[in-house]
> 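My questions will all concern the structure given below.
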Amino acid sequence: LVVLCTSSSFSYYTYNQVDPKGPGNRIGGQLAYDCHRDVFVFVGRDLLMSSCNETLDTWEFDNDNWLLKLAYPGSVDIWRRGEGVLFYDTITQRTVYSGAWYQGYYYQDTVIWDGLDWQFLPDAQTPAFGYKVAYAWDSVREKCVVVSNDETWEWNNSFWQQISTSTLPGSSAGDSMAYDPVRQRMVLLTNDGTGHCIKEYDGTDWITSTAVHQLPDRTECVMFFDETLQKTIIFGGLATFSGLNDTWTWDGTSLVQLSPTHQPTPGSYASTYNGDENYCLITQGYSVETHHDFTHFISETWKWDGSDWVS
């Protein structure tokens with residue numbers, strides 16, 4: 001049983017308020033890049049508010065400043081949720097948010113952001129995605145691919161569709177995924193029960209890599225395809241009772257650790273890739289996770305420029 005606290009006094013506020021510190025102290029944050037408006041969209045629950053007033057604020061980053069765009073439920077009630085699937089649909093030119101989670105309750109709905117407010121898509125056929133699922137945008141087919149509960153789902157620009165594959169992805173909570181447009185493969189970092197492994201999806205089926213690697217086990221890491229290096233980047237994440245800030249590349253054959261001059265604070269971050277300017281933005285992370293206690297927040301914003309992390 002999930003009891004949601006409600007209040008008839010709730011109202012919503014729209015802003016264009018500049019805040020140099022950014023969202024701060026957010027849990028379950030997700031980030032997407034709107035290439036048509038050239039802004040990053042961030043959503044995440046405010047952990048510091050009381051349980052009955054906890055809200056999902058919407059922020060935008062214009063490459064210089066953080067702007068608080070929407071606070072409290074908004075005209076569409078999507079408050080008190082996180083760990084959803086957030087991405088920018090280049091076909092519809094809207095930011096899409098699906099399948100969020102809150103204390104054991106899985107939202108089977110999809111909302112879109114137009115830069116001012118959220119709107120429900122009633123016919124999106126949203127499944128009950130699991131907790132902290134892996135997902136990435138396929139820039140060639142222009143579809144979002146989600147791996148959840150050992151299932152593969154694709155966003156067809158207006159609704160979700162389950163894809164039948166001969167081989168199951170074998171996903172678990174905290175997996176990460178990125179799309180390699182050169183090889184046209186989804187790259188999934190998951191745990192097969194014996195340790196981390198890489199699986200790839202070609203739009204039809206999953207293939208498990210047999211590459212031998214020394215990548216330390218982790219969950220909730222940052223993954224993206226670097227257009228400059230033409231390789232998938234794996235950064236940071238959470239190990240047992242600690243954060244990580246190591247950077248690795250994957251070219252479809254081998255994992256290689258890099259040694260950038262600068263490194264963000266160890267932890268898990270919200271992230272997305274700006275394909276127009278070829279850099280990855282990471283922001284609003286946390287490091288040590290214990291049961292319902294995310295004590296080490298990281299209110300930082302960094303860019304990966306192809307060779308180093310820049311704050």
Side-chain angles (χ1 to χ4, degrees), residues 22 29-31 33 40 42 61 63-64 132 134-137 139 174-183 185-192 194-200 208-289 294 296-311:
Q30 306 292 334
L31 192 67
Y33 176 63
F40 295 87
F42 175 86
F61 182 68
N63 293 293
D64 293 310
K132 296 183 178 179
Y135 65 94
W137 178 256
S139 58
D175 288 351
S176 298
M177 191 160 66
Y179 182 68
D180 180 337
V182 175
R183 297 186 302 114
R185 297 287 189 275
M186 282 290 169
V187 181
L188 173 69
L189 182 65
T190 185
N191 194 311
D192 64 0
T194 61
H196 265 57
C197 67
I198 289 179
K199 297 184 179 183
E200 296 190 337
T208 302
S209 169
T210 58
V212 177
H213 63 82
Q214 296 181 340
L215 178 74
D217 285 351
R218 67 196 63 209
T219 61
E220 301 179 49
C221 64
V222 170
M223 283 184 69
F224 60 93
F225 184 80
D226 187 322
E227 294 285 356
T228 301
L229 298 178
Q230 297 283 284
K231 296 177 182 179
T232 298
I233 300 291
I234 300 171
F235 166 77
L238 302 178
T240 304
F241 305 121
S242 66
L244 300 168
N245 66 348
D246 48 349
T247 304
W248 297 72
T249 63
W250 169 256
D251 61 4
T253 303
S254 59
L255 278 163
V256 177
Q257 187 171 5
L258 303 182
S259 299
T261 302
H262 303 93
Q263 293 177 317
T265 299
S268 174
Y269 291 80
S271 66
T272 195
Y273 194 77
N274 180 338
D276 292 339
E277 300 181 34
N278 296 336
Y279 69 84
C280 176
L281 185 79
I282 68 171
T283 190
Q284 310 308 318
Y286 62 93
S287 56
V288 178
E289 178 180 357
F294 299 77
H296 298 273
F297 290 100
I298 309 169
S299 293
E300 300 175 358
T301 299
W302 292 77
K303 295 179 181 179
W304 171 261
D305 64 5
S307 61
D308 197 11
W309 292 101
V310 181
S311 63

> Just how far is it from atom CZ of Phe61 to atom OG1 of Thr272, taken to the nearest 0.5 Å?
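It comes to 13.0 Å.
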> Between the side chains of Thr190 and Asp175, does any donor sit under 3.5 Å from an acceptor?
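On atom types as modelled, these side chains qualify, holding a pair under 3.5 Å.
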> Kindly indicate, with the supporting measurements, whether the criterion ring pair (Phe, Tyr, Trp, His ring centres under 6.0 Å) is fulfilled by Tyr269 and Trp302.
CA-CA 10 Å; Tyr269 291 80; Trp302 292 77; 8.3 Å; no
> Nearest 0.5 angstrom please: Lys231 NZ to Trp250 CH2, how far?
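Answer rounded to 0.5 Å: 11.5 Å.
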> Report yes if some heavy atom in the side chain of Lys303 is under 4.5 Å from a heavy atom in the side chain of Cys280; otherwise report no.
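Sidechains of Cys280 and Lys303: no contact.
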> To the closest 0.5 Å, what do you measure between OG (Ser176) and CG (Leu188)?
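Separation between the atoms: 8.5 Å.
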> I'd like to check Thr228 versus Tyr279 (side-chain heavy atoms, cut-off strictly below 4.5 Å). Are they in contact?
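Side-chain contact under 4.5 Å: no.
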> Which heavy atom in Thr232 sits nearest to a heavy atom in Ala178, and how many Å separate them?
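That would be CG2-CB, 4.0 Å.
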> Would you mind reporting whether Pro181 and Glu227 have side-chain heavy atoms less than 4.5 Å apart?
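Yes; the side chains approach each other to less than 4.5 Å.
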> Evaluate the criterion side-chain hydrogen bond (donor to acceptor under 3.5 Å, both in side chains) for residue pair Trp304 and Ser271; output intermediate values, then yes/no.
CA-CA 11 Å; Trp304 171 261; Ser271 66; over 6 Å; no
> Table please: side-chain donor-acceptor pairs of residues 252-264 below 3.5 Å, with sequence neighbours left out.
from	atom 1	to	atom 2	distance (Å)
His262	ND1	Asp308	OD2	2.6

> Locate the shortest heavy-atom distance separating Ser287 from Ile298; write the atom from each residue and the value.
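Smallest interatomic distance, heavy atoms only, reads N-CD1, 4.1 Å.
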> Mind checking whether Phe224 and Tyr273 have parallel, tilted or perpendicular rings, split at 30° and 60°?
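Plane angle under 30°, so parallel.
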> So Asn274 and Phe40, side-chain contact (heavy atoms from CB on, under 4.5 Å) or not? Walk me through it.
CA-CA 9 Å; Asn274 180 338; Phe40 295 87; 3.8 Å; yes
> So do Ile233 and Val222 actually touch side chain to side chain, heavy atoms under 4.5 Å?
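Heavy-atom side-chain distance check fails, nothing below 4.5 Å.
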> Looking at Ala239 and Asp217, what are the two nearest heavy atoms and their distance?
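In this case the closest contact between Ala239 and Asp217 is CB-O, 4.2 Å.
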> May I have the step-by-step check of side-chain contact (heavy atoms from CB on, under 4.5 Å) for Leu189 and Leu215, ending in yes or no?
CA-CA 11 Å; Leu189 182 65; Leu215 178 74; 3.9 Å; yes
> Return the minimal non-hydrogen interatomic distance between Arg218 and His196, and the atom names on each side.
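In this case the closest contact between Arg218 and His196 is O-NE2, 2.5 Å.
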> So how far is it from Leu244 CG to Glu220 CD, rounded to the nearest 0.5 Å?
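Atom-to-atom, Leu244:CG and Glu220:CD are 11.5 Å apart.
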> Evaluate side-chain hydrogen bond (donor to acceptor under 3.5 Å, both in side chains) for Tyr33 paired with Glu277, printing each intermediate quantity in order.
CA-CA 11 Å; Tyr33 176 63; Glu277 300 181 34; 5.3 Å; no
> NZ/Lys199 to OG1/Thr208 distance, rounded to the nearest 0.5 angstrom?
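Answer for the NZ-OG1 pair, Lys199 versus Thr208, is 4.5 Å.
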> Closest heavy-atom contact between Leu238 and Gly243?
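Scanning both residues, the minimum pair turns out to be CD2-CA, 4.4 Å.
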> To the nearest 0.5 Å, what is the distance between CZ (Phe225) and OG1 (Thr249)?
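The OG1 atom of Thr249 is 11.0 Å from CZ of Phe225, to the nearest 0.5 Å.
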